[in-house]
Each structure stands twice: as structure tokens, then as C-alpha cells.
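Worksheet: the structure to be examined is printed underneath.
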Amino acid sequence: MTTQRTTTDGQQSSTSGATRPRLRTDRRGVSEVVGALLMFALLVLLLVLVQVNAVPAANQQVEFEHNQRVQGDLQELQEAILLAASTGREGVVSVETGTGYPTRLFLFNPPRASGTIERTATGTVEVRNALATGETGDYVDGSALSFESGGLAYRPDYNEYGGAPTTIYENGVLYGNFTGNRSVIQERGALVSGRDVSLVALQGTLATSSSNSVSVGVTPISAPTRTVSVANAAPGSPVTITVPTRLGPDAWRVILEEELAANGGHVTRIERASPSTVQITLAEGVVYDLRIAAVGVGTGFDRSTDVQYITTVAGDGSTVPEDGSSQIVAEVRDAYNNPVSNETVSAEVVQGGGTVLAVDDGRTDDEGRVALEYTAGGIDSPLEDVVVDVWIGDGAATPTDPARVAKFSVTVFDVDGTGQTGSPGGNPVNPGINLQLTGAEAAGNGGCNARSNGCDAAVTITNRNAGTGWTVEKLRVSVYAAQGDGGPTSYVVSDTRGASGTTLTVGSDFQQAALDDFARDGTSGDEQTYYFDFAGYSTTQDGVRTGDMFVLEVIFEADDGSPAVVTYFVPLS
């Protein structure tokens, strides 16, 4: 079959049906393209699901782990504050306030999480009804000891971890504060630990936000801490500690659980003193070791502290031979009971004889201490009581405030015999009488270089003229100077070591003593050894120690009834 068609020029042409091409659709490769598009769509959908769900969950875990690290940093900061308080050393602690997220291909992360560390508002810490012994009691006298203190708080600004706590340090305690004012204690601190009471006033200005790390400087203001032994000032007035805190009494009972009286401790009561403070009451009749320090964080704190009082350190209650000398040491302290350096002091003998001069320049050293030398004059009596005043400042007049004056008591004893009953003469440890001290040693089963050995004082007296017999009527130990410790309060004297007898009091009046006498037997060299068992030292152990010294006064009666009062200076070897 032939098909004709007319051309544009009017001519006809023909085309054979056998050679005309046919039009058909080619569907090869369509399924592969559609599959690729579907796979891409699924991948995009998967990425969206990961971005919307998995990435926030993973970032929340990153933020949670970061929060754990920050709490560790704050524990280091807590330790640095306590170290500065106890040793006076400065420190710097790095706190990782912010964190980033790991890189994820084809996924998006939010900006780095940040956090803020700041010193919180200040409040007043008070210690009431605490009375110290000795010269320190002129300042720590039972009235309120008060000072300002703040805390530290770290507040995170996370992108995903919405329930993160605010981590807070206050009064030595570290805890996390969660939504709803729920708190979890992380470090309990040691505000009260047994008989120890430790307080740190935190001062300064700190408010820093960062998505990286922040370096926090810790500077001692009043440190290292001095220990002051205190007890309640009067019956019915227990020692109390009031601290500013966000925690309530129940939380503090958890913190101080081991210190509660019901658990064998000394904390008898914890209660609200105001909406923002808690008062801790301690048991009466207990001697507590009080330590207070001031530490600065950040900037904006005053590194100097004002002088408040002066106290005795060494030499108070010492004994000095006539024309001899002895060193006394005083310490100047601030409101936190800690030493103040480079302060001028003055001194004067206000009772008795002798002179007192500064050993160096009369200014306190780095330990807040100043040494002075008291030199005794000659005396015409067995003993002379001397009082030396040492006060803060450079002036001729003694301050009227007793806290700014330290009074040292010194006993001067006669050594040349002019103050004794009997004829003058003798050597520095013997009176001018025929009954002379010929032996003085620390006696025990072992060495007596430590007070824990329980040694006694063995005192040997020899009658140089046995033509006269003597009877021991009464005696007393008027002064005791313990080597490196506080002296004893009582003693038992006997003819045999370890024998029982009447307990006598150091420093009391003359008391009866049943001791062997010196018989008139016509031969010289008659001697007796008496053993003194001392007790009540300031240490936990009793017993004399080599280097101790005491003054022994004895009333002897001769055969004819005439008395003789003899004073012996007894240095123990």
C-alpha cells in the first residue's frame, strides 16, 4: 500500500508503508531512580529522627557527665578553701563551667552549654557563750563572736539537661539544690567534729559566666588558724553556733548525724534561729577546740585584719632564780583568733622587781609572736611574785582594755640563802641550813624523757649536822614548771615510791605530811628520800619528765621545838 501526501510546492510524494517508523515508550531504568529517591527520602527522614530525638538525648548525657565533673571541681575548691584556712597557703582551682558536644556528621549541635559560678549573699555567723581560759578569755569572754560570711553557687545553663541542680558550698558543706528546693548532700564538711568546731568566713566578689573553664583564686585573709579551747561561760548557757544557710534543720541533722548527742556526740539541738539561719547548740561542761579563719575568693576582699587582743604563749607561771632571767612570749591576734604580724608591743614590770626588755625589735613576727626577756633582781624572801604587763602599741601607758594587755606571772625564788630561815650561804639549789637538797631526779621503771612513762620525782634531803634531829611538820609544792606542758594540779608524797597517801594540791597552803624524820644519831650524812607522784597535767598522761622543776617548801621542827621554813629549788634530772 502506498500513501500519498502533498508537499508545500503542490507536488505529491509517496511513502512506502513498509519503511515508515513506529513510535514506542522506553521504560528501562525507572525503577532504579525511584528506588534512589525513596532511599534518599528515608535517609533524610532518619537524619531528622536522629536530630530530633537521639541528638538531644546524647547531648543530655554529655551535660549530665559534665555536671558530675563540675561537682568534682567544686569539691577541689572546697578542699582548697579548707587548706588555705588551716595552712595559710594560697591556691587556684579550675572549674569547668561549660561544655561542648562531639561533632556529628550531617547533624547539628546547639551552642556550647555555659554556667555561672558566684559568691552568694553574705550572712552573719555567731558563736555565743564560749569562754576561753587564761588571757584569751579577756576577748573570748562568752559574748558573741560574729563575722560575715557567704557561700559559693554554680548554676548551669544547659540546652537539654533541664533538671540539673545548683551546686552550693556554704559553711564547709557541699550540696546540690534541685527543683522544688530538694537538696542532696555531697560533702558534709566538719563544722562540728567531736570536740572540734571549725568555721571559715568566705569573703570576696565572684560572678563569672563561661562556656569553658574559670580559674578561681583562693586567698587566706586570716590564717593559719589558731586553736582556742572554750567551754560554756555559765551553767544554763550552752555554746551555740548560728550560721546563715539555705538548708533547714532537718538537712543539718543529716549533716551532723554522727555528732548528735543521741549518737554519742555533743550536738544537743538544731533549730531555726531566723528564716535564713540555723542555730546549733552544744552540750555543756565540755571543752571545745574552736578554730575560725577568713578566706577570700575572687576579688574585692581586704587582705588585712584588725588587731583585737594579745595573749600569753610561753613564760606565764614560770619560775626564775634571783638575778636570773627567763623569756616570755606573747602573741597578737585578730578577731578570728589568728596571729597578726608586724605589730609593736610594749612591756613593763608592774609588780615586784626586775626588768623586762624586748629580745629583738619589739614587733611581732610572722606567727604574731614577740619574745621578751625578764631579768630578776635579788630578793630577801623565799619567794617573790612578779607581774609583767605586755600590751599592744608603743606607749608608756597600759591600755584600759584588758584584752589588749597580757599579764605574765613570774615567781622569783631565793638562791643565796638570804631569804631562808637559818644562816646565809649555800649553793644555788640549797638553802642556808643544815638540811640540804642532795638529790633531785625523775624516777621510774624506764626513761623519763616523756610524760607518759609515769615517773615520780625523787627528792633526797641530807642532814649535814646530825647533832640535831628534825621532824617534817608540813610542806607544800608552791610552783611547778613542766617541761613543754602545763603543770600538774595535785600530788601524793611518801617515803616509798608507789605508796598511797593524802592527795595534796599544787599551789595550796602548807599541809600535813607523814614522812620519815631525821634522827639525832651523832653521825653526819643522815638522809631521807621522798617520792612525789604528780598528777593532773594538761596532757592526757601523768608523770614527771626530765627537765621539770618545782619549788618545795618544808616546815621542819628541831629537837628543841624551834621551827625552820626551808625552800628548795628542785630541778629534775
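Because only heavy atoms are used, hydrogens play no part in the values below, and waters and symmetry mates are left out as well, while side chains stay in. Positions are given from 1, in the same order as the sequence printed here.
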side-chain contact (heavy atoms from CB on, under 4.5 Å) assessment of Asn59 paired with Asn159: CA-CA 8 Å; Asn59 287 346; Asn159 295 296; over 6 Å; no
Side-chain H-bond candidate by donor/acceptor type, Glu65 with Gln61, under 3.5 Å: yes
Pair Ser198-Asp196, side-chain donor/acceptor within less than 3.5 Å: no
Audit row: Asp548, Arg545, salt bridge (Lys or Arg N to Asp or Glu O under 4.0 Å) steps and yes/no: CA-CA 6 Å; Asp548 288 358; Arg545 175 182 173 187; 5.8 Å; no
Side-chain donor/acceptor of Arg188 to backbone N/O of Gly172, under 3.5 Å: no
Ser183 side chain to Asn177 side chain, donor-acceptor N/O pair below 3.5 angstrom: yes
Asp289 vs Val228 side-chain heavy atoms within contact, under 4.5 Å: no
Modelled atom types, side-chain donor and acceptor of Tyr169 and Glu187, under 3.5 Å: no
Working for salt bridge (Lys or Arg N to Asp or Glu O under 4.0 Å), residues Glu259 and Arg269: CA-CA 11 Å; Glu259 309 304 327; Arg269 189 166 61 251; over 6 Å; no
Any donor-acceptor N or O pair under 3.5 Å, side chains Ser222, Asn338: yes
Asp334 side chain vs Pro339 backbone, donor-acceptor pair below 3.5 Å: no
Pair Gln71-Gln186, side-chain hydrogen bond (donor to acceptor under 3.5 Å, both in side chains): steps then yes or no: CA-CA 9 Å; Gln71 292 178 18; Gln186 298 167 1; 3.0 Å; yes
Any donor-acceptor N or O pair under 3.5 Å, side chains Thr245, Glu170: yes
Approximate separation, where rounding is to 0.5 Å, of Arg128 CZ and Thr240 OG1: 7.0 Å
From Trp391, Tyr139, Tyr336, residue fulfilling ring pair (Phe, Tyr, Trp, His ring centres under 6.0 Å) relative to Tyr309: Tyr139
Arg451 to Tyr537 six-membered ring, cation-pi geometry met (6.0 Å, 45°): yes
Residues His66 and Tyr161: side-chain donor-acceptor under 3.5 angstrom: no
Presence of salt bridge, Arg226 and Glu367, under 4.0 angstrom: yes
Side-chain donor/acceptor of Asp542 to backbone N/O of Gly536, under 3.5 Å: yes
Atom pair OH/CD1 of Tyr175 and Ile168 - distance to nearest 0.5 Å: 4.0 Å
Main-chain N/O of Gly362 paired to Asp360 side chain as donor or acceptor, under 3.5 Å: no
More than 12 heavy atoms of other groups within 6.0 Å of Asp361 CG: yes
Closest non-hydrogen atom pair, Asp141 against Leu131: CA-CD1, 3.6 Å
N-O pairing of Arg253 and Glu258 below 4.0 Å: no
Step-by-step side-chain contact (heavy atoms from CB on, under 4.5 Å) determination, Thr364 to Val340: CA-CA 7 Å; Thr364 57; Val340 181; 5.6 Å; no
Parallel, tilted or perpendicular, as decided by the 30° and 60° cut-offs, for the rings of Tyr480 and Phe550: parallel
Side chains of Thr166 and Arg155, donor plus acceptor under 3.5 Å: no
Nearest atoms (heavy-atom pairs only) where Ser211 meets Arg112: O-NH2, 2.9 Å
Residue pair Arg291 / Thr227, side-chain donor-acceptor N/O under 3.5 Å: yes
side-chain contact (heavy atoms from CB on, under 4.5 Å) assessment of Arg333 paired with Ile310: CA-CA 6 Å; Arg333 295 177 179 174; Ile310 185 171; over 6 Å; no
Side chain proximity check, Arg69 to Thr99, heavy atoms < 4.5 angstrom: yes
Atom of Pro238, atom of Leu282 and distance for their closest heavy-atom approach: CB-O, 3.3 Å
Check: Gln203/Ser149 side-chain N/O donor and acceptor closer than 3.5 Å: no
